[in-house]
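Below is one structure, written out as structure tokens; comments come after it.
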Amino acid sequence: MNALLTVLALALATAVSIFVEGGMGALVACAFFALCAVAAGGFVVKDERKFLLQIFVAGLLVRVLIGTIIYAMHLQEFFGGDAFIYDRMGWDVLSQWVGRMRNDDLIMEWQSGATGWGMGYLVAVIYYLFGRNMLAVQFFNAVVGAATAVVCFGCARQIFRNMRVARVTAFAVAFYPSLVLWSAQGLKDGPIVFALAVAMLATMKLGEKFSAAYLGLLVASMIALLSLRFYVFYMLSAAVAGSFLIGMRKVTGQSLIRQAVVVAAVGLAMTYFGVLRTATQQYEQFGSLEKVQVSREALATEAKSGFGRDVDVSTTSGALTVIPIGLVYLLFAPFPWQLGSLRQSITIPEMAVWWLSFPLLCVGLWFTLRHRLRQALPILIFTSMLTLAYSVFQGNIGTAYRQRSQLLVFYFIFVAVGLVLAKERQEESSQRAEDAKRAAIAARAEHAALRLARLRAARERQRSGPPRPLAGRVDL
């Protein structure tokens with residue numbers, strides 16, 4: 001396996017460097033970020049390193065291939081035109097840093113939180129290190145997307161202490177098509193999903209044992225989410241706070257002190273970075289159902305793939321009413337009868353896999369609620385909140401399909417649980433059938449041996465014949 005991955009990596013790198021403009025610089029950036037990810041992975045995961053390294057490299061190669069195809073064939077607008085916006089944002093920020101441009105009004109507009117200003121700074125850093133190269137940004141996201149599989153492996157193992165569940169989770173996150181697609185482009189979806197996974201792992205680790213390193217990871221990932229997609233940050237904050245208040249392990253005096261310290265430290269960090277001030281501004285700008293209705297109506301009417309155009313979520317009753325249909329579209333769209341474009345048509349194979357996996361998701365969730373509720377509390381709280389929020393907010397199939405990736409990485413943990421449970425039941429059933437078969441064979445053998453013994457005894461009696469009369473004559 002290692003030899004095969006090495007050959008594929010060399011072949012892909014050679015092709016990219018020769019046939020793609022800017023490919024060599026992008027490959028240098030990819031190698032640099034990949035080495036950083038591998039070094040950091042040694043801190044997150046202490047065992048199964050060979051398996052995870054193979055998953056990481058294979059997932060990275062798939063993303064590099066898809067990203068190169070999108071870049072070389074100029075398909076950014078087809079799959080995600082936001083990449084051009086982030087390219088311009090990053091270049092403008094870098095220009096301001098080096099003194100080539102002075103446009104504070106533009107920078108402040110991005111920093112308002114409406115457009116994910118953090119992605120502009122991320123792209124600016126990459127351009128500062130490796131030059132203006134959109135493919136380098138895509139390869140950075142490819143590294144982040146492949147690393148997300150490793151982090152999700154850690155989350156699954158932390159909750160269930162089961163290596164099979166963790167392995168299935170890592171494999172699904174590494175190779176599920178939509179997760180590959182969104183993390184192979186110059187979009188902010190890859191970093192968002194990665195930051196969410198890191199925040200969840202850090203939260204669960206801190207719930208078990210205090211660690212300054214994991215506390216730093218939690219704060220950094222939360223700040224990253226605030227700069228990339230602010231409303232996800234607030235849901236994550238609620239999930240983290242709720243998990244520590246309720247407790248992810250058996251409540252003791254020591255655990256209460258640890259949880260209080262973590263909550264206080266995170267709160268102080270958020271205050272230091274001005275989150276309260278930013279939260280007030282964002283709430284005034286976006287924090288009402290009327291604003292949600294405006295955004296949802298725009299999503300539903302400005303594209304052919306919109307749905308629920310006549311829905312009004314500007315009131316509490318209207319928002320509650322739309323949740324069922326919004327939930328169905330969020331989880332299962334696009335449907336086969338809605339195929340109106342090539343982009344929707346190419347999603348059908350992976351959607352079929354997801355539809356078939358949904359029963360396993362339900363089984364895994366039920367098992368988790370019964371046996372691992374406290375351990376999975378951060379993920380359960382966050383996914384529930386974000387699922388309901390997107391059910392109300394989303395009015396476009398394409399956007400729902402894209403933002404579903406923020407949930408899929410956690411859904412796949414429960415799918416893995418359901419799959420492993422089904423596999424274990426199958427193995428138990430097979431074992432019982434095998435034991436029954438062996439018992440039946442043993443019973444038949446015992447019966448045959450008993451019958452053979454009876455036959456031998458009968459033959460012995462036949463050989464000896466009937467009893468002979470006494471020789472001679474007896475006179476009375």
* Determine the minimum heavy-atom distance between I55 and A174, stating which atoms define it. => CG2-CB, 3.8 Å
* Any side-chain heavy atom of L61 within less than 4.5 Å of one from L65? -> no
* **Approximate separation, where rounding is to 0.5 Å, of F382 CZ and L377 CG** => 14.0 Å
* Asked: Would E427 and R164 pass as an ion pair if we require N to O under 4.0 Å?
  -> yes
* Whether Q76 side chain and G81 backbone form a donor-acceptor pair below 3.5 Å -> no
* Asked: Under 3.5 Å, is there a donor-acceptor pair linking the side chains of Q185 and Y86?
  -> no
* Asked: Step by step, would you call F414 with L360 a side-chain contact (heavy atoms from CB on, under 4.5 Å)?
  -> CA-CA 7 Å; F414 305 117; L360 297 175; over 6 Å; no
* How many angstroms lie between atom CD of E350 and atom CG of L408, to the nearest 0.5 angstrom? -> 8.0 Å
* Should we say atom CH2 of W355 is surrounded by more than 12 heavy atoms from elsewhere, each under 6.0 Å from it? -> yes
* Asked: Roughly how far apart are L320 CG and S391 OG, rounded to 0.5 Å?
  -> 11.5 Å
* Asked: Got a donor-acceptor contact below 3.5 angstrom from the W182 side chain to the G145 backbone?
  -> no
* May I ask you to check whether over 12 heavy atoms, not counting those of E434, lie within 6.0 Å of atom CD? => yes
* To do: Considering non-hydrogen atoms only, spot the tightest contact between L135 and G23 and give its length.
  => CD2-CA, 4.1 Å
* To do: Please report the shortest heavy-atom distance between I381 and A239, naming the atom on each side.
  => CG2-CA, 3.6 Å
* Shortest non-hydrogen contact between A197 and T148, atoms and distance -> CB-CG2, 4.2 Å
* To do: Would you tell me whether Q158 and E208 have side-chain atoms, one donor and one acceptor, within less than 3.5 Å of each other?
  => yes
* Asked: Between E48 and R157, is there a salt bridge with N-O shorter than 4.0 Å?
  -> no
* Do the ring planes of H371 and F367 sit parallel (below 30°), tilted (30 to 60°) or perpendicular (above 60°)? -> tilted
* Asked: Side-chain contact, heavy-atom cut-off 4.5 Å: F160 with I413?
  -> yes
* Inter-residue atom distance M200.CE - T203.OG1, 0.5 Å rounding -> 6.5 Å
* Could you walk me through whether F410 and L196 pass the side-chain contact (heavy atoms from CB on, under 4.5 Å) test, one step at a time? => CA-CA 10 Å; F410 302 120; L196 282 172; 4.0 Å; yes
* For R425, does its backbone N or O pair with a side-chain atom of S429 as donor and acceptor, under 3.5 Å? -> no
* Asked: Is it true that a side-chain atom of R404 and a backbone atom of A333 form a donor plus acceptor pair closer than 3.5 Å?
  -> yes
* **Under 3.5 Å: donor-acceptor pair, side chain of S405, backbone of R402** => yes
* To do: Taking the side chain as every heavy atom from C-beta outward, state whether L380 and L369 have any pair of such atoms under 4.5 Å apart.
  => yes
* Asked: Within a strict 4.5 Å, meaning less than it, do heavy atoms of the V64 and C30 side chains meet?
  -> yes
* To do: Look at the aromatic rings of F153 and F51 and report parallel, tilted or perpendicular, splitting at 30° and 60°.
  => tilted
* Establish, from distance only, whether the side-chain atoms of Y176 and S357 form a donor-acceptor pair under 3.5 Å. => no
* Test ring-ring contact (aromatic ring centres under 6.0 Å, His included) applied to F358 and F332, step by step -> CA-CA 9 Å; F358 193 76; F332 302 113; 4.8 Å; yes
* To do: Test side-chain contact (heavy atoms from CB on, under 4.5 Å) on L373 and T368 and set out the steps.
  => CA-CA 6 Å; L373 177 59; T368 304; over 6 Å; no
* **Between OG on residue S211 and NZ on residue K205, distance to nearest 0.5 Å** => 9.5 Å
* Asked: Any chance CZ of F171 has more than 12 other-residue heavy atoms, nucleotides or ligands included, within less than 6.0 Å?
  -> no
* Go through the steps to decide whether T347 and S178 satisfy the test side-chain contact (heavy atoms from CB on, under 4.5 Å), and finish with yes or no. => CA-CA 8 Å; T347 65; S178 62; over 6 Å; no
* Under the 3.5 angstrom rule, does the side chain of K188 hit a backbone N or O of L228 as a donor-acceptor pair? -> yes
* **Under 3.5 Å donor-acceptor, Q138 side chain and G67 backbone** => yes
* Asked: Does any N or O in the side chain of N141 come within less than 3.5 Å of the main-chain N or O of L187, such that one atom is a donor and the other an acceptor?
  -> yes
* Structure fact -> On a heavy-atom basis, the closest approach of M222 and S237 is CE-OG, 3.3 Å
* Asked: Should E424 and N162 count as side-chain neighbours, where that means a heavy-atom distance under 4.5 Å?
  -> yes
* Look at the rings of Y390 and F393 and say which category their plane angle falls in: under 30° parallel, 30 to 60° tilted, over 60° perpendicular. => tilted
* Provide the closest heavy-atom pair for V151 versus V198 in the form atom of the first, atom of the second, distance. => CG1-N, 3.7 Å
* Are F56 and V143 side-chain neighbours, meaning at least one heavy-atom pair lies under 4.5 Å? -> yes
* To do: Would you mind reporting whether P334 and M351 have side-chain heavy atoms less than 4.5 Å apart?
  => yes
* Structure fact -> ring pair (Phe, Tyr, Trp, His ring centres under 6.0 Å) with F130: of F140, F33, F139, only one passes, and it is F33
* Asked: Under 4.5 Å between any side-chain heavy atoms of L181 and R63, yes or no?
  -> no
* From OG1 (T387) to CD1 (I323), nearest 0.5 Å -> 11.0 Å
